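These numbers come from a predicted model, not from an experiment. We count residues from 1, following the sequence as given.
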Amino acid sequence: MEWQGWAALAITLGALAILITTTLGAHLVMMGALVLLGVLGILTSSEALAGFSNSGVITVAAMFVVAAGIHGSGGIDLLVNKVLGNPKTERSALARIFAPVVLLSGFLNNTPVVATMIPALHAWSRKIGIPASKLMIPLSYSAILGGTLTLIGTSTNLVVNGQYQAITGEAGFSLFSITLVGIPVTIAGIIFMLMFFPKWLPSRNTGNAFGNLREFTLEVAIDPNGPLVGKTVAQAGLRNLERVYLVEIERGGTIVTATPSEERLKANDRLVFAGDTQAISDLLRIHGIIPSLEQDTYQSLATDRSERCLVEAVVSPHCAAVGYAIRDAQFHDRYGAIVLAVARNGERLQGNLSSIRLKAGDTLLLESRPAFVSRQKYNKDFLLINDLATLQPRHEKAYIAWGILAVIVAAAGFGVTSMLYASLVGAGLMLMTGCCSVSQAEKSIDFQVIITIAASFALGAALQKTGVATFLAHHLIEASQNNPLLMLILVYVCVSLLTEMITNNAAAILMLPIALDLTSRAGLNHEPFIFAIMMAASASFATPLGYQTNLMVYGPGNYRFTDFIKVGLPMNIFVGAVSLITIIAIWPLS
């Protein structure tokens, strides 16, 4: 390799190191790599920016809008209400979840599918008496498996197909090309979960993320202008509340624990309670109790107490408040809401609520006006918005949204038009029929994902142009001792490991040019290697950070990091083995 090759390799390794070791956004890292490749003259401007005009990337953006139409019209709720029913055992409950989730994820981006299903499953779990912790990880995993059923099931499949077309100049794959692999892998994955997950998953009884009395807390304060100042704890009605317990009082820097009933309350006392969401709602209705944070702001927010509602939200990695203490995050100015409680990894957070630094995956209990839910539903600051006070509305346009999805799938599946134009027509129809508004469509497009994918194309192009892909392919051939089966396994394992550390799209895009050079040099059929990349990039189960839907269910399922390792690592190995066996059985390697 010449210096351009070593520079491209160094930039690629540097980008991977930054993604693995820092919290810097993947879109910023990939754009930085793109700029370096352009400035150094390794890529021309057209080569560096080619990803932004790639058909796969445009298709991903259009499918975000199609998913917004299904989501906003209540289409998912319609399906859920007709399918879930009233199972008696955990296995039958899981079996009822798998069918709609797999079906939806086969044709929609799985992020809005999981976002809509989480509150529905929470309510359902309480109804059937099965802990949500038994259902949330299977929800995420089944959405991941469903995404392997079609070319549009996940953005990874679309961008791999788009990059394959750009590199080889060939027509690419059809909508159902990957279905031959996806169906047996999905069926095997579902059987695996039905057999082992009821025993392996923890049983943590909580109606929602704030329902565990031992692990979640709420901080409130005594309104200095309210009627509780000077009253005892008992007189204020704070001693014998149901499902909520007064843990301590902080006053002037000192802590009063095991608070006696005769303790008199003073202005601005900070009271720490443990309780579930309904109890918290009852507590906040007591005149003289206000949230402990931003008391002046709270007064302006809650002039009419009847208009307030409780909202549960999971913090996204893209949230502007990540890394800031709650007192500095300006929740009221930015979101029109105030933080009442924080849950992290199913454990109670010690210390003053205002000093807690927010992290991705934290589950927040917010108090806001009802408009917050509709305003933030398509905002990427939160992965889940759950209005705890009201049910999601049902819209009459749900059937129209499903009809539009069926039309574009049929058009692409029968070759009437390409997936690109089918998705663009579908997005337009969602807007024209009112299944989603223009504002909802704009907010539904995750531009950080789009930028990450498009910019990653530059790294892939540089690896191919400078000979790095050929160099790495040569060494993979040597490592596998010219054994095609071992080459396929190595490619799958490399993508799988990268996916757990960086974004699945970036992992696939970086490995595709290497795999294509590998097959060309070894004289092998490239199709099984491409499908192995698609499957490995999607099959991310071992950590909550490896795939966005895993992070979404982390807080609402009341999970710990080790819960994912316990069930996800065996799932990774099992799905990988089934994928490779299926690919080898269908396509000849040479």
Under the side-chain contact (heavy atoms from CB on, under 4.5 Å) rule, what do I445 and V65 come out as? Steps first, then yes or no, please. CA-CA 7 Å; I445 300 174; V65 179; 4.0 Å; yes
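- No side-chain donor-acceptor contact under 3.5 Å links S140 to the backbone of I137.
- Judged by distance alone, the side chain of N550 and the main-chain N or O of S540 form a donor-acceptor pair under 3.5 Å.
- The pair K199-E90 does not count as a salt bridge, with every side-chain nitrogen at least 4.0 angstrom from each carboxylate oxygen.
- Remark: I451 pairs with H27, M31 by the side-chain contact (heavy atoms from CB on, under 4.5 Å) rule, at least two apart or across chains.
- Side-chain contact between E263 and R251: present, with at least one pair of heavy atoms (C-beta onward) separated by less than 4.5 Å.
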Show the numbers, then the answer: is there a side-chain contact (heavy atoms from CB on, under 4.5 Å) between D223 and L228? CA-CA 8 Å; D223 187 348; L228 300 186; over 6 Å; no
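- Taken to the nearest 0.5 Å, the CG atom of D269 stands 5.5 Å off from the CD1 atom of I249.
- To the nearest 0.5 Å, atoms CD1 (I222) and NZ (K266) are separated by 12.5 Å.
- Contact detail for L104 and W402: the closest heavy-atom pair is CD2-CH2, 2.7 Å.
- Without hydrogens or angle criteria, S142 side chain to F98 main chain gives no donor-acceptor distance under 3.5 Å.
- Here CD1 of I128 is found 6.0 Å from CG of L135. Values are rounded to the nearest 0.5 Å.
- Of all heavy-atom pairs between G69 and A401, the closest is O-CB, 3.8 Å.
- Remark: the backbone N or O of E250 is not paired with any side-chain donor or acceptor of R270 at under 3.5 angstrom.
- Residues S125 and P131 come closest through the heavy atom pair CB-C, 4.4 Å.
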Stepwise ring pair (Phe, Tyr, Trp, His ring centres under 6.0 Å) check, F564 with F541: CA-CA 7 Å; F564 279 87; F541 308 105; over 10 Å; no
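- G557 and S133 make their closest contact through O-CB, 3.4 Å (heavy atoms, listed as atom of the first residue, atom of the second, distance).
- A distance-only check finds no donor-acceptor pair linking the side chain of R264 to the backbone of K231 [under 3.5 Å].
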Going through the checks in order, is the side-chain contact (heavy atoms from CB on, under 4.5 Å) test met by L121 and M136? CA-CA 8 Å; L121 287 190; M136 290 298 165; 3.9 Å; yes
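- Contact check for L94 versus P198: side-chain heavy atoms found under the 4.5 Å cut-off.
- Inter-residue side-chain proximity for L238 and L265 is flagged as met; some heavy-atom pair is nearer than 4.5 Å.
- G323 approaches R357 most closely through the heavy-atom pair O-NH1, 2.7 Å.
- When the shell of 6.0 Å around OH of Y324 is examined, it contains 12 or fewer heavy atoms from other residues, nucleotides or ligands.
- In this structure, K134 contributes its side chain and L201 its backbone to a donor-acceptor pair below 3.5 Å.
- The aromatic rings of F197 and W200 sit tilted relative to each other, their planes meeting at an angle between 30° and 60°.
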Could you go step by step and tell me if I190 and V102 meet the side-chain contact (heavy atoms from CB on, under 4.5 Å) rule? CA-CA 10 Å; I190 287 172; V102 167; 4.0 Å; yes
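- Residues S538 and T154 come closest through the heavy atom pair OG-CG2, 3.7 Å.
- To the nearest 0.5 angstrom, M571 atom CE is 8.0 Å from I144 atom CD1.
- Within the 3.5 Å criterion, the main-chain N or O of T433 finds a donor-acceptor partner in the side chain of K397.
- One distance of note links CD1 of I356 with CG of L358; it measures 8.0 Å at 0.5 Å rounding.
- Remark: I450 CD1 to S155 OG distance equals 7.5 Å, nearest 0.5 Å.
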